[in-house]
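See below for the structure under consideration.
Worth knowing before you read on, the calculation uses all heavy atoms, side chains too, and leaves out hydrogens, waters and symmetry mates.
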Amino acid sequence: MQRIDTLFALRRLAAAGTLVLAASVCSIAHAEAPYKVEGKAVDKATFNGWKLYKRQRCETCHGPTAEGGAAFPNLVTGLKNMSAEDFKATVLNGRNNMPAFSGNKAVVDGIDGLYAYLKGRSDGAVPVGELQEMP
């Protein structure tokens with residue numbers, strides 16, 4: 001009988017641990033969003049990332065909505081499985097046909113905002129089109 005009680009206790013402990021882990025992962029994922037969005041208004045870093053995307057002509061290859069083209073990667077789907085560190089390494093060091101931007105001060109200084117903008121597009125939070133900076 002004691003063995004059955006021990007098994008039940010272990011099962012309850014495992015179930016509780018699973019719930020705690022799931023809750024932690026959900027809150028961490030939510031807390032780590034690098035952007036804030038209210039309609040067409042975004043936080044300063046995301047807004048600057050959007051401007052950087054346009055000024056550096058990223059849309060030439062990745063399109064005005066970051067959804068790529070026949071020969072260029074779709075950043076909206078690509079950032080679903082890419083960490084911020086991998087994104088930064090790709091932009092700064094280049095990859096395949098993508099040139100390295102490590103020598104471009106505007107990109108180096110604005111890389112976090114660029115990631116916030118593109119991650120927001122990838123998550124479906126940042127809308128397509130003209131954006132405004134939140135007050």
Side-chain angles (χ1 to χ4, degrees):
M1 191 66 167
Q2 184 178 5
R3 186 173 175 185
I4 292 173
D5 289 340
T6 302
L7 285 174
F8 279 125
L10 288 173
R11 285 185 183 157
R12 278 186 271 152
L13 183 60
T18 300
L19 287 173
V20 168
L21 178 62
S24 296
V25 168
C26 289
S27 65
I28 288 170
H30 182 69
E32 289 183 2
Y35 51 82
K36 290 185 177 81
V37 183
E38 292 175 7
K40 290 264 189 187
V42 295
D43 63 280
K44 182 180 182 79
T46 304
F47 184 74
N48 288 339
W50 169 70
K51 289 192 309 186
L52 184 65
Y53 185 85
K54 295 174 78 58
R55 287 184 181 148
Q56 295 299 315
R57 304 196 35 83
C58 303
E59 59 191 23
T60 302
C61 296
H62 297 288
T65 62
E67 294 173 300
F72 300 103
N74 180 329
L75 301 178
V76 172
T77 57
L79 263 74
K80 291 189 184 308
N81 300 311
M82 182 181 274
S83 70
E85 293 77 25
D86 289 341
F87 170 80
K88 292 173 186 179
T90 299
V91 172
L92 297 176
N93 302 321
R95 183 189 313 170
N96 300 329
N97 291 329
M98 169 106 177
F101 284 86
S102 58
N104 183 319
K105 183 172 175 22
V107 173
V108 171
D109 292 348
I111 192 81
D112 291 327
L114 184 60
Y115 175 75
Y117 165 66
L118 292 169
K119 183 62 175 160
R121 288 281 303 117
S122 178
D123 291 348
V126 174
V128 172
E130 296 293 314
L131 298 176
Q132 301 167 351
E133 185 177 347
M134 288 179 173

Check whether Phe101 and Val108 end up in the same hydrophobic cluster, where Ile, Leu, Val, Met, Phe, Trp and Tyr are linked by side-chain heavy atoms less than 4.5 Å apart.
yes
Here the pair of heavy atoms bringing Tyr53 nearest to His62 is OH-CB, 3.2 Å
Side-chain donor-acceptor pairs of residues 34-42 under 3.5 Å, sequence neighbours excluded:
| unit_1 | atom_1 | unit_2 | atom_2 | d |
| --- | --- | --- | --- | --- |
| Tyr35 | OH | Asp123 | OD2 | 2.6 |
| Lys40 | NZ | Val128 | O | 2.5 |

Would you check if Gln56 and Leu114 make a side-chain contact, meaning some heavy-atom pair closer than 4.5 Å?
no
Above 12 or not: heavy atoms from other molecules or residues under 6.0 Å from NZ of Lys44?
no
So how far is it from Thr60 OG1 to Phe72 CZ, rounded to the nearest 0.5 Å?
9.0 Å
The reported gap from CG in Leu92 to CZ in Phe87 (rounded to nearest 0.5 angstrom) is 8.5 Å
Looking at residues at least two apart in the chain, or sitting in another chain, which of them share a salt bridge (charged side-chain N to carboxylate O under 4.0 Å, His left out) with Asp112?
Lys88
Rounded to the nearest 0.5 Å, how far does CZ of Arg121 lie from CG of Leu79?
11.0 Å
Met98 with Ile111, same ILVMFWY side-chain cluster at under 4.5 Å
yes
When you measure from the side chain of Ser122 to the backbone of Leu118, do you find a donor-acceptor pair of N or O atoms at a distance under 3.5 Å?
no
Looking at Thr65 and Val76, what are the two nearest heavy atoms and their distance?
O-CG2, 3.6 Å
Can you give me the closest heavy-atom contact between Met82 and Thr90, atom names plus distance?
CE-OG1, 4.1 Å
For the residue pair Glu130 and Trp50, establish whether any side-chain heavy-atom pair is separated by less than 4.5 Å.
yes
Between Glu32 and Lys119, is there a side-chain heavy-atom distance shorter than 4.5 Å?
no
Tell me the closest heavy-atom pair linking Asp86 and Arg95, and the distance in Å.
O-NH2, 4.5 Å
Tyr117 and Leu131, any side-chain heavy atoms less than 4.5 Å apart:
yes
